*Asks:* 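Let me begin by handing over the structure; questions about it come next.
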Amino acid sequence: MSRYDNRSGDPTSYRDRRSDLGYGGAARSSSSRKDYDGAESPRKLDLDGLTPFEKNFYVESPEVEGMTEREVEEYRKRREITVEGRDVPKPIKSFRDIGFPEYVLQEITRAGFVEPTPIQAQGWPMALKGRDLIGIAETGSGKTLAYLLPAIVHVNAQPILSPGDGPIVLVLAPTRELAIQIQDQSTKFGASSKLKSTCIYGGVPKGPQIRDLQKGVEIVIATPGRLIDMLESHTTNLRRVTYLVLDEADRMLDMGFEPQIRKIVSQIRPDRQTLYWSATWPKEVEQLASKFLYNAYKVIIGSPDLKANHSIHQIVDIITENQKYNKLVKLLEDIMDGSRILVFMDTKKGCDQITRQLRMDGWPALSIHGDKSQAERDWVLSEFKAGKSPIMTATDVAARGLDVKDVKYVINYDFPGSLEDYVHRIGRTGRAGAKGTAYTFFTAANARFAKELISLLEEAGQKISPDLAAMGRGAPPPPSGHGGFRDRSKGYGGNRPWS
Ligand code: AMP
């Protein structure tokens with residue numbers, strides 16, 4: 001049996017390990033508490049009346065123990081891992097080093113993974129030590145398993161659920177799409193230890209979610225609004241939560257979820273383990289972290305500067321607003337071979353209009369945005385994933401978090417509102433080592449982004465067109481872009497294999 005598995009042992013043994021529990025000692029009973037970076041934290045650890053629980057499971061393997069400081073440093077450098085915090089554990093190099101239970105390792109083998117991703121190599125030992133963790137990593141970096149596999153270990157070491165108990169692991173996510181993706185991975189990797197998980201999100205009937213919660217589930221993945229509904233109606237409670245994950249915290253704050261997050265977190269015991277994930281690290285995200293985290297490790301994957309994935313070929317085309325549609329169609333004619341193409345627009349209305357026009361012209365396009373019902377969004381996404389509708393237009397709701405394999409092209413029909421969003425959008429292609437192409441329409445209205453965009457392209461070794469370079473120097477764009485596409489009157493809907 002694994003060293004992590006406490007379930008079939010003495011059911012009360014977890015109570016005897018107070019020394020491992022990370023609380024109760026002098027440091028934690030001090031009235032002046034420090035948060036993750038040393039500032040005063042308002043998080044009070046009033047532990048009276050709380051049953052202790054186990055959260056430190058990490059045992060360093062001899063191979064990892066044998067790594068010299070220099071080797072550790074080189075490994076982190078090579079894999080672009082930056083760490084902060086006290087007593088940071090060494091990264092692991094192979095799946096065997098982390099000592100996951102056999103049933104988890106089998107799932108990893110079945111999934112065909114060769115080695116841990118950087119966030120897993122450094123994040124797993126940190127998470128298994130039971131400490132709070134800030135992870136700055138993108139979707140696509142393997143971060144979901146970076147918190148889910150330690151979550152499975154954590155659950156398996158807790159006393160089993162009694163009737164009326166809420167979940168042990170709570171994952172908060174900004175969107176329904178992301179929540180569903182997380183649950184897919186949770187189901188896959190938790191199945192062998194018979195863990196049950198459910199997904200709680202708005203826009204669909206509550207009945208099935210209520211039934212799942214009432215049956216008892218160890219892992220709940222939820223968007224904040226619907227979870228609050230479930231808490232207010234006493235369908236579930238958070239008294240058993242000892243492992244809390246906030247995924248894509250930056251996105252949740254962008255979407256205005258901060259009050260709901262605070263409300264939810266206030267109902268969770270203070271000595272929980274909290275894992276806080278974000279792709280970016282703006283001030284608001286940092287402030288919220290300082291409220292929720294205690295003595296956290298911080299791990300940053302990739303360079304702290306904004307960088308685009310180097311496996312993506314980036315093309316920026318300077319055109320006018322009026323040229324966009326024809327240019328899109330010309331582009332689709334060149335690239336369309338049945339592979340998935342994701343087209344980003346600014347507005348829901350724009351999405352609907354362009355999608356309608358594309359369909360009228362015979363292109364297999366569907367659209368996903370925030371005004372669509374959940375059922376329609378699910379359907380559109382499944383058609384896109386299955387390749388039945390290989391063109392999907394989207395607003396930024398699909399920019400983060402979507403994990404669709406084999407998106408070959410991302411087209412920015414409208415330039416996004418920030419360079420960060422640009423990086424996230426194009427990051428939907430070139431995933432898991434594949435090559436991808438991002439094609440961006442850039443108009444005079446986007447001129448203020450030219451300089452930053454050029455730096456980003458240069459860093460990724462991409463070509464800068466003379467027109468874009470001129471815009472970067474403050475010159476106006478060429479009068480009508482540089483056109484050169486077909487006249488639409490020739491028609492495009494013709495003999496396509498998919499029409
Ligand atoms: P995420 O960052 O969690 O959205 O993960 C992106 C994709 O990477 C998911 O489809 C995972 O199944 C996959 N993945 C996670 N860990 C690994 C790994 N160690 N090797 C290869 N793929 C992985």
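Counting convention: from 1, in listed order, for ligands and their atoms alike. Every value quoted in this text rests on a predicted model; they were computed, and no experiment measured them.
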*Asks:* Under the salt bridge (charged side-chain N to carboxylate O under 4.0 Å, His left out) test against Asp165, which residue among Lys196, Arg239, Lys215, Arg240 passes?
*Replies:*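 That would be Arg240; it is the only one of Lys196, Arg239, Lys215, Arg240 passing the salt bridge (charged side-chain N to carboxylate O under 4.0 Å, His left out) with Asp165.
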*Asks:* Between Phe415 and Phe449, is the ring centre distance below 6.0 Å?
*Replies:*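 Yes, ring centres under 6.0 Å apart.
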*Asks:* Applying the side chain to side chain contact (heavy atoms under 4.5 Å, CB included) test to Tyr439, which of Asp317, Val343, Val316, Asp334 qualifies?
*Replies:*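 The side chain to side chain contact (heavy atoms under 4.5 Å, CB included) with Tyr439 is passed solely by Asp317 among Asp317, Val343, Val316, Asp334.
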*Asks:* Which residue in the set Val169, Ile119, Ile182, Leu133 passes side chain to side chain contact (heavy atoms under 4.5 Å, CB included) when paired with Tyr147?
*Replies:*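 With Tyr147 as partner, Val169, Ile119, Ile182, Leu133 yield a single side chain to side chain contact (heavy atoms under 4.5 Å, CB included), made by Ile182.
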*Asks:* Which ring pair (Phe, Tyr, Trp, His ring centres under 6.0 Å) pairs, counting each pair once, include a residue from residues 240-262, with sequence neighbours left out?
*Replies:*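 Passing the test, one end in residues 240-262: His154-Tyr243.
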*Asks:* Would Glu177 and Arg377 count as a salt bridge (Lys or Arg N to Asp or Glu O under 4.0 Å) if you check the C-alpha gap in whole Å, the side-chain angles of each, and the deciding distance to 0.1 Å?
*Replies:* CA-CA 9 Å; Glu177 283 80 10; Arg377 282 162 71 167; 2.9 Å; yes
*Asks:* Under 4.0 Å from a heavy atom of Thr144: which atoms of ligand 1 are those, numbered in the order shown and with their elements?
*Replies:*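 Those qualifying, in numeric order: 1 (P), 3 (O), 4 (O).
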*Asks:* Check each atom of ligand 1 against the heavy atoms of Glu115 and keep those under 4.0 Å away; list them by number with element.
*Replies:*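 The list of qualifying atoms is 18 (C), 19 (N), 20 (N).
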*Asks:* To which of Phe113, Phe189, Tyr147, Trp277 does the heavy atom nearest atom 23 (C) of ligand 1 belong?
*Replies:*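 Going through Phe113, Phe189, Tyr147, Trp277 one by one, Phe113 has the nearest heavy atom to atom 23 (C) of ligand 1.
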*Asks:* Report, in ascending order of atom number, the atoms of ligand 1 lying under 4.0 Å from any heavy atom of Thr117.
*Replies:*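 The list of qualifying atoms is 17 (C), 18 (C), 19 (N).
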*Asks:* Using a 4.0 Å cutoff against the non-hydrogen atoms of Phe95, which atoms of ligand 1 qualify?
*Replies:*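 Result: 19 (N).
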*Asks:* Run the numbers for me: atoms of ligand 1, each under 4.0 Å from some heavy atom of Ser141, listed by number.
*Replies:*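 In order of numbering, the contacting atoms are 2 (O).
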*Asks:* What atoms of ligand 1 come closer than 4.0 angstrom to any heavy atom of Gly142?
*Replies:*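 Those atoms are 1 (P), 2 (O), 3 (O), 5 (O), 15 (C).
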*Asks:* Would you check the N or O atoms of Val114, main chain and side chain alike, for any that come under 3.5 Å of an N or O of ligand 1?
*Replies:*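 No, no N or O pair falls under 3.5 Å.
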